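All remarks here apply to the structure that follows.
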Amino acid sequence: QLQLVESGGGLVQPGGSLTLSCVASGFTLEKYTIGWFRQAPGKEREAVSFISHTDGNLNYADSMKGRFTISRDSAKNTVYLQMISLQPEDTAVYYCAASHYHYTFNQYDYFYWGQGTQVTVSS
């Protein structure tokens, strides 16, 4: 069974930081491109970042550059999303997903999804 499980979300004040984890089971995470997406209430799901399975290159949506960092620990079969300087507009459910493609921000190219973890930024 292929499964992705996100964790690490929670409540933080504006300016705070969180690191999200995406743990894979049933497959080797390194063989897939892993993307992070988020969806806020009433808004469309948007891409955040992905790490390519082809060469491990890191890619970010333009609005995320400079604040979010994606990384991978192959030994733990885990991909992380480090977030700093969080703002209320970052409040959303964050998902990780796996794709067979080597380079894509398109959510429909991702076939395996985690359950999501809630990030709330509020004072």
Side-chain angles (χ1 to χ4, degrees):
Q1 180 182 354
L2 189 151
Q3 188 174 24
L4 295 169
V5 178
E6 304 96 332
S7 63
L11 174 65
V12 297
Q13 295 189 351
S17 302
L18 282 175
T19 298
L20 308 181
S21 299
C22 175
V23 180
S25 61
F27 67 102
T28 300
L29 184 148
E30 194 173 48
K31 296 184 180 296
Y32 290 78
T33 291
I34 303 298
W36 284 98
F37 297 81
R38 69 183 187 184
Q39 187 166 23
K43 296 184 178 180
E44 299 291 327
R45 181 177 293 174
E46 65 175 336
V48 174
S49 177
F50 69 87
I51 179 168
S52 175
H53 74 85
T54 302
D55 51 18
N57 283 351
L58 313 179
N59 301 273
Y60 303 92
D62 288 342
S63 62
M64 314 300 173
K65 292 179 180 178
R67 294 197 302 121
F68 292 5
T69 303
I70 190 170
S71 62
R72 179 176 63 203
D73 186 337
S74 296
K76 296 182 178 180
N77 215 29
T78 301
V79 166
Y80 303 94
L81 182 69
Q82 184 179 16
M83 307 182 293
I84 65 171
S85 301
L86 288 165
Q87 301 299 315
E89 54 265 36
D90 296 315
T91 296
V93 177
Y94 285 72
Y95 301 90
C96 67
S99 175
H100 297 290
Y101 295 88
H102 63 89
Y103 186 98
T104 180
F105 282 115
N106 187 349
Q107 64 176 307
Y108 299 107
D109 291 333
Y110 290 80
F111 300 112
Y112 312 106
W113 292 80
Q115 85 290 343
T117 185
Q118 177 71 48
V119 173
T120 302
V121 185
S122 176
S123 60

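What you see is a predicted model; the values in this text were computed from it and never measured. Throughout, residue positions are numbered sequentially from 1 according to the sequence presented.
- G116 and V93 get closest at one heavy-atom pair: CA-CG1, 3.8 Å.
- A distance-only check finds no donor-acceptor pair linking the side chain of E6 to the backbone of C22 [under 3.5 Å].
- Of all heavy-atom pairs spanning S123 and P14, the tightest one is N-CD, 3.7 Å.
- Atom CH2 of residue W36 and atom OH of residue Y60 lie 12.5 Å apart, to the nearest 0.5 angstrom.
- The backbone N or O of G9 sits less than 3.5 Å from a side-chain atom of T117, completing a donor-acceptor pair.
- A donor-acceptor pair under 3.5 Å is absent between the side-chain atoms of E30 and the main chain of N77, judged by distance alone.
- The CD1 atom of I34 sits 13.5 Å away from the OH atom of Y80 when rounded to the nearest 0.5 Å.
- In this structure, OG1 in T69 is found 6.5 Å from CD1 in I84, a value given to the nearest 0.5 Å.
- From S25, atom OG reaches atom CD of Q3 across 4.5 Å, with rounding to the nearest 0.5 Å.
- The shortest heavy-atom contact between A47 and A61 is O-CB, 3.5 Å.
- T33 contributes no side-chain N or O that, together with a main-chain N or O of H100, makes up a donor-acceptor pair within less than 3.5 Å.
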From CA spacing to verdict: side chain to side chain contact (heavy atoms under 4.5 Å, CB included), V79, I51: CA-CA 9 Å; V79 166; I51 179 168; 4.3 Å; yes

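- In this structure, R45 forms a cation-pi arrangement with W113, its terminal cationic atom sitting closer than 6.0 Å to the ring centre and no more than 45° off the ring axis.
- Scanning all heavy atoms of the two residues, the minimum distance from A40 to A92 falls at N-CB, 3.8 Å.
- L4 and I70 end up in the same hydrophobic cluster when Ile, Leu, Val, Met, Phe, Trp and Tyr side chains are linked at under 4.5 Å.
- Scanning for side-chain contact (heavy atoms from CB on, under 4.5 Å) contacts around Y101 gives S99, T104, D109, F111, with sequence neighbours left out.
- V23 and Y112 fall into different hydrophobic clusters, defined by Ile, Leu, Val, Met, Phe, Trp and Tyr side-chain heavy atoms under 4.5 Å apart, directly or through other members.
- In terms of modelled atom types and a separation under 3.5 Å, the side chain of S52 and the main chain of H102 share a donor-acceptor contact.
- One finds the OG1 atom of T78 at 7.0 Å from the CG atom of L29 (value rounded to the nearest 0.5 Å).
- The heavy-atom pair separating L18 from V119 by the smallest distance is CD1-CG1, 3.9 Å.
- Contact between M64 and V48 at its shortest, heavy atoms only, is CG-O, 3.5 Å.
- To the nearest 0.5 Å, the span separating OH on Y95 from CD on Q107 amounts to 10.5 Å.
- A chain of hydrophobic side-chain contacts below 4.5 Å, direct or via other Ile, Leu, Val, Met, Phe, Trp or Tyr residues, connects L81 to L58.
- R38 meets the side chain to side chain donor-acceptor pair (under 3.5 Å) test with E46, D90, Y94; sequence neighbours excluded.
- Cluster membership check: L20 shares its hydrophobic cluster with V12, using side-chain heavy-atom separations under 4.5 Å among Ile, Leu, Val, Met, Phe, Trp and Tyr.
- With ring centers used as reference points, Y110 lies 6.0 Å or more from F50.
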Side chain to side chain contact (heavy atoms under 4.5 Å, CB included) between V121 and E89, intermediate numbers included: CA-CA 8 Å; V121 185; E89 54 265 36; over 6 Å; no

